[in-house]
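The block underneath contains the structure these notes are about, expressed in structure tokens.
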Amino acid sequence: MTGLRLWERLLGEARAYRRHIGGLFILSLLSSVFALLTPLPLKIAVDSVVGSQPLPGFIAVLVPASLSHSQTGVLLVAAGLFVLISLLKQLQQFGSLVLTTYIGEKLLLEFRSRLFAHAERLSLAYHDSRGTADSTYRIQYDATAIQSIAVTGLIPFFTA
């Protein structure tokens with residue numbers, strides 16, 4: 001089987017999980033947003049606590065006036081924002097891990113089911129000549145190899 005045919009078949013298998021892969025795409029977009037927001041608390045601490053600039057406009061709207069007029073309040077806002085961004089980033093990574101694992105395990109189950117069904121269709125003479133260990137090995141380990149190809153190849157391809 002050519003490499004192109006293999007990728008074509010894997011795409012066909014992953015088609016059932018396009019919503020999940022779409023969720024992974026959205027989560028990867030959120031990763032970029034959180035990466036861009038990471039230096040914001042430091043900017044606030046340097047510019048508004050050490051320096052004399054006011055809070056950025058979109059944050060000043062959300063912060064009560066009593067906090068925005070004191071250096072301690074602004075520092076607390078920066079610390080809270082740092083914690084919030086870190087928490088959201090961890091939740092995004094957790095969601096991405098859960099979706100990737102879910103898709104991979106579901107694909108593995110489908111691959112193993114197909115291999116098992118194929119092994120059942122084979123004649124007894126085949127199993128006598130090859131032994132049952134060969135079929136069991138293929139069901140167990142070949143499906144895992146296909147899963148790793150699908151997860152490490154298809155999911156990044158779709159999210160890219």
**Complete:** Nearest heavy-atom approach of Ile44 to Ala78 is CG2-CB, 4.0 Å

**Message:** Can you confirm whether Leu88 sits close enough to Leu37 that some side-chain heavy atom of one is under 4.5 Å from a side-chain heavy atom of the other?
**Reply:** no

**Donor-acceptor under 3.5 Å (Ser48 side chain, Ala45 main chain)** = no

**Request:** Go through the structure and list residues passing ring pair (Phe, Tyr, Trp, His ring centres under 6.0 Å) with Tyr102, not counting sequence neighbours.
**Result:** His20

**Message:** Return the CD to OG1 distance between Gln93 and Thr100, rounded to the nearest 0.5 Å.
**Reply:** 11.5 Å

**Asked** When rounded to the nearest 0.5 angstrom, what distance separates NE2 in His127 from CD in Glu120?
**Response** 8.5 Å

**Message:** Counting neighbours of CZ on Phe82 that are heavy atoms of other residues, nucleotides or ligands and sit closer than 6.0 Å, is the number greater than 12?
**Reply:** no

**Request:** Tell me, please, which residues at least two apart from Thr144 pass side-chain hydrogen bond (donor to acceptor under 3.5 Å, both in side chains).
**Result:** Arg112

**Asked** Looking only at heavy atoms, what is the nearest atom pair of Ala145 and Ser148, with distance?
**Response** O-OG, 2.8 Å

**Request:** First locate atom CG of Leu84, then atom CZ of Phe34, and finally report the distance between them rounded to the nearest 0.5 Å.
**Result:** 8.0 Å

**Message:** Is there a path of hydrophobic side-chain contacts, each under 4.5 Å between heavy atoms, that joins Leu30 and Val83?
**Reply:** no

**Message:** Holding to side-chain contact (heavy atoms from CB on, under 4.5 Å), I want the full list of residues that pass it with Val49, two or more places apart in sequence or in another chain.
**Reply:** Gln71, Val74, Leu75

**Prompt:** If you measure from CG on Leu87 to CG on Leu91, what distance do you get to the nearest 0.5 Å?
**Reply:** 4.5 Å

**Complete:** Leu29 meets the side-chain contact (heavy atoms from CB on, under 4.5 Å) criterion, sequence neighbours left out, with Phe25

**Request:** Determine, using the 4.5 Å side-chain heavy-atom cutoff (strictly less than), whether Tyr17 and Leu11 are members of one ILVMFWY cluster.
**Result:** yes

**Asked** Among Leu76, Val63, Ile59, Leu62, whose side chain to side chain contact (heavy atoms under 4.5 Å, CB included) with Leu81 holds?
**Response** Ile59

**Item:** ring pair (Phe, Tyr, Trp, His ring centres under 6.0 Å) pairs, two or more places apart, involving residues 134-156
**Value:** Tyr137-Tyr141

**Request:** Output all residues satisfying side-chain contact (heavy atoms from CB on, under 4.5 Å) with Ile146, sequence neighbours left out; order by chain, then residue number.
**Result:** Leu10, Phe111

**Asked** What do you reckon, is CG of Leu124 surrounded by more than 12 foreign heavy atoms closer than 6.0 Å?
**Response** no

**Message:** Would you say CZ of Phe94 has more than 12 non-hydrogen atoms from neighbouring residues, nucleotides or ligands within 6.0 angstrom?
**Reply:** no

**Prompt:** In Å, rounded to the nearest 0.5 Å, how long is the span from CD of Gln140 to CG of Leu108?
**Reply:** 8.0 Å

**Item:** side-chain contact (heavy atoms from CB on, under 4.5 Å) partners for Thr38, two or more places apart
**Value:** Ile85, Lys89

**Prompt:** Just how far is it from atom CZ of Arg15 to atom CD1 of Ile21, taken to the nearest 0.5 Å?
**Reply:** 11.0 Å

**Contacts of type salt bridge (charged side-chain N to carboxylate O under 4.0 Å, His left out), residue Arg138, not counting sequence neighbours** = Asp134, Asp142

**Prompt:** Under the salt bridge (charged side-chain N to carboxylate O under 4.0 Å, His left out) test, which residues partner Glu110, sequence neighbours left out?
**Reply:** none

**same_hphob_cluster(Val77, Phe58) at 4.5 Å side-chain heavy-atom cutoff** = yes

**Message:** Test of understanding: with salt bridge (charged side-chain N to carboxylate O under 4.0 Å, His left out), list the residues that count as partners of Lys43, not counting sequence neighbours.
**Reply:** Asp47

**Pairs involving residues 20-37, ordered by first then second residue, that meet salt bridge (charged side-chain N to carboxylate O under 4.0 Å, His left out) (sequence neighbours left out)** = none

**Prompt:** Glu105: what forms a side-chain hydrogen bond (donor to acceptor under 3.5 Å, both in side chains) with it, not counting sequence neighbours?
**Reply:** none

**Request:** I would like to know whether Arg130 and Ser135 meet side-chain contact (heavy atoms from CB on, under 4.5 Å); could you show each step before the answer?
**Result:** CA-CA 8 Å; Arg130 288 290 197 107; Ser135 297; 5.9 Å; no

